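It should be emphasised that the depicted structure is a prediction, and the values quoted were computed from it without experimental measurement.
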Amino acid sequence: MGKKEAALKTDMPQLIISHYGLEDSVKAVQQIMQLIPRRDPDMIALLQPFVSKIQKAEAKWSALSSTAASATAHPAQGVGRGSSRLKPQKTVDCYNDEGFVYDINGRREAFILCQMSHRLSAQKNLQIITDLLEKRYNFNCQKKKKLSGERIILEIEKFRDGLSEGPEVKCCFVVLMAHRTMMEGEALIQGGNGKMVPLSEIFSLFNDENCPQLQGKPKVFIIQPSGGNNQDSGVMQTDDVAMKTEYKEDRPAKFRRPIISDTLTVYPALPGYKSLRDPKDGSPLFVNMERVFKQSDDRFHVLDLFTRVNQNLVQQDFPVQKTQPDGSTISQKVKIVLNMESTLTHALFLKRQL
């Protein structure tokens, strides 16, 4: 067996997992095995424990869902205190109170900046996010490419000011694909002329003081790529530790709004760490975002969707080439974890109709 063939066999499991996700990859391999006449017993034996584990988990949730449905249909025969929690595993079912869900039925606007549109990977990212927002979620997308630093602010201000014209805007996305760096603790993106623009200046354009038309409306910022030189090589997993907290407080009918609220900002890596991109397929963030959102956006709100994207990413190893001091390169596998900052006050469902 040649080295190239051996490498392909070694990389194949990772490729399957990166495409389908960990659990669905088991199901996909099982379906393929059913189509192969040979049906290698050794392969089936290796696969069976994982298939059984998934089947048991699905049977468990199916039983819980049936119990919850029965309790709902026959409340007098409920299963006791706390039975209302036994519902299908869909966050959409947990938010029947309209006061806790953003109403985004209506006009939706998005601003997309792609500074590196000459790259095939950037073109793929642009296609993925445009298809999701325009075709799937009915956003009006304004797309800009290769803007100077001065034009970045002017075009975003123009977009912001246009939100007050016409029907009420119910939801806003701002997607920035540009070189990003840190300077004296300030995150900056680079214009086409090299001029750096502080991200804080862009964010401030949409706060509740400078953009009153979006007060109480969800605003999602996606920043690609992140800046930094660090790479996460991973660490062996220890036992899981779970923690649950609950907090409730009555709120007045009218209250002073914070200047910054109802925003979700997503970065493809933690501060100081490099983000990755595939030269042909696009960045891991957008590739996994496309798959997860299309599979689950009718069931989960946006923060949960990005959490599932993050779950997919941390289960994968990403090969990179690292340059040594002597100029040679070695292959190294690194990890990716998203950085999400949320001030959302409601659940944001992109596919749900209230």
Side-chain angles (χ1 to χ4, degrees), residues 84-85 87 89-111 129 132-133 136-140 156 159-164 167-176 187 199-223 243-267 271 285 289 292-293 296-311 338-354:
S84 60
R85 294 173 181 254
K87 291 186 177 182
Q89 296 303 293
K90 302 179 182 180
T91 55
V92 68
D93 294 333
C94 301
Y95 297 107
N96 292 321
D97 178 8
E98 293 184 5
F100 194 63
V101 177
Y102 287 110
D103 176 9
I104 64 169
N105 295 327
R107 181 181 167 196
R108 306 173 184 184
E109 296 288 341
F111 180 90
I129 195 64
L132 279 176
L133 293 177
R136 194 168 183 84
Y137 305 130
N138 300 317
F139 278 77
N140 300 312
I156 296 179
F159 167 79
R160 188 272 315 270
D161 294 342
L163 299 178
S164 60
E168 180 183 9
V169 175
K170 293 302 188 77
C171 183
C172 177
F173 267 68
V174 176
V175 183
L176 305 176
L199 279 177
S200 60
E201 186 175 345
I202 295 174
F203 295 153
S204 70
L205 294 175
F206 297 90
N207 67 32
D208 285 359
E209 183 177 37
N210 295 325
C211 190
Q213 59 268 38
L214 287 183
Q215 283 186 6
K217 311 293 176 54
K219 301 165 280 287
V220 179
F221 299 89
I222 301 176
I223 316 298
M243 181 181 295
K244 295 182 179 180
T245 62
E246 291 186 1
Y247 179 77
K248 295 182 179 179
E249 180 177 321
D250 292 334
R251 69 182 187 195
K254 288 189 176 182
F255 58 97
R256 289 180 59 82
R257 297 196 60 85
I259 293 178
I260 301 173
S261 69
D262 301 284
T263 65
L264 172 62
T265 307
V266 180
Y267 301 92
L285 167 59
M289 182 180 168
V292 169
F293 276 51
S296 306
D297 57 11
D298 61 331
R299 298 179 292 152
F300 298 98
H301 59 68
V302 162
L303 197 53
D304 277 359
L305 288 171
F306 276 112
T307 300
R308 291 173 74 86
V309 170
N310 198 33
Q311 183 184 65
L338 298 184
N339 180 25
M340 295 175 281
E341 301 173 356
S342 175
T343 61
L344 295 178
T345 58
H346 296 67
L348 173 57
F349 290 93
L350 292 172
K351 291 287 284 187
R352 183 182 184 183
Q353 297 292 319
L354 289 179

Student: Regarding K217 and D262, does a basic nitrogen lie under 4.0 Å from an acidic carboxylate oxygen?
Tutor: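 Between D262 and K217 there is no salt bridge, as every charged N stays at least 4.0 Å from the carboxylate O atoms.
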
Student: Roughly how far, to the nearest 0.5 Å, is the CZ atom of F111 from the CZ atom of R160?
Tutor: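 Interatomic distance, R160 CZ to F111 CZ, rounded to 0.5 Å: 12.5 Å.
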
Student: What about the rings of Y137 and F173, do their centers lie closer together than 6.0 Å?
Tutor: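 No, the ring centres sit 6.0 Å or more apart.
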
Student: Do you know which of T343, D208, N207, T345 makes side-chain hydrogen bond (donor to acceptor under 3.5 Å, both in side chains) with S261?
Tutor: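 Single side-chain hydrogen bond (donor to acceptor under 3.5 Å, both in side chains) partner of S261 among T343, D208, N207, T345: D208.
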
Student: Tell me if the centroids of the rings in F306 and F293 come within less than 6.0 Å of each other.
Tutor: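 Yes, ring centres under 6.0 Å apart.
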
Student: Could you work out, with side-chain hydrogen bond (donor to acceptor under 3.5 Å, both in side chains) as the rule, every residue matching T265, not counting sequence neighbours?
Tutor: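 Counting only residues at least two positions away or on another chain, T265 forms no side-chain hydrogen bond (donor to acceptor under 3.5 Å, both in side chains).
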
Student: Looking at side-chain heavy atoms only, is the closest gap between L205 and N210 below 4.5 Å?
Tutor: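 Contact flag for L205/N210 side chains = no.
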
Student: Quickly, which of R308, K351, R136 forms a salt bridge (charged side-chain N to carboxylate O under 4.0 Å, His left out) with D297? Name it, please.
Tutor: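 Only one of R308, K351, R136 forms a salt bridge (charged side-chain N to carboxylate O under 4.0 Å, His left out) with D297, namely R136.
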
Student: Do M289 and V266 come within less than 4.5 Å of each other through their side chains, counting heavy atoms only?
Tutor: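 When only atoms from C-beta onward are counted, V266 and M289 do not touch, as no gap falls below 4.5 Å.
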
Student: Check whether any side-chain heavy atom of F139 lies under 4.5 Å from a side-chain heavy atom of L350, and answer yes or no.
Tutor: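 Touching, per the 4.5 Å side-chain cut-off.
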
Student: What class does the angle between the rings of F159 and F206 fall in, given that below 30° is parallel, 30 to 60° is tilted and above 60° is perpendicular?
Tutor: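 Aromatic pair F159/F206 classed tilted.
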
Student: Under the side-chain contact (heavy atoms from CB on, under 4.5 Å) rule, what do L264 and L348 come out as? Steps first, then yes or no, please.
Tutor: CA-CA 10 Å; L264 172 62; L348 173 57; over 6 Å; no

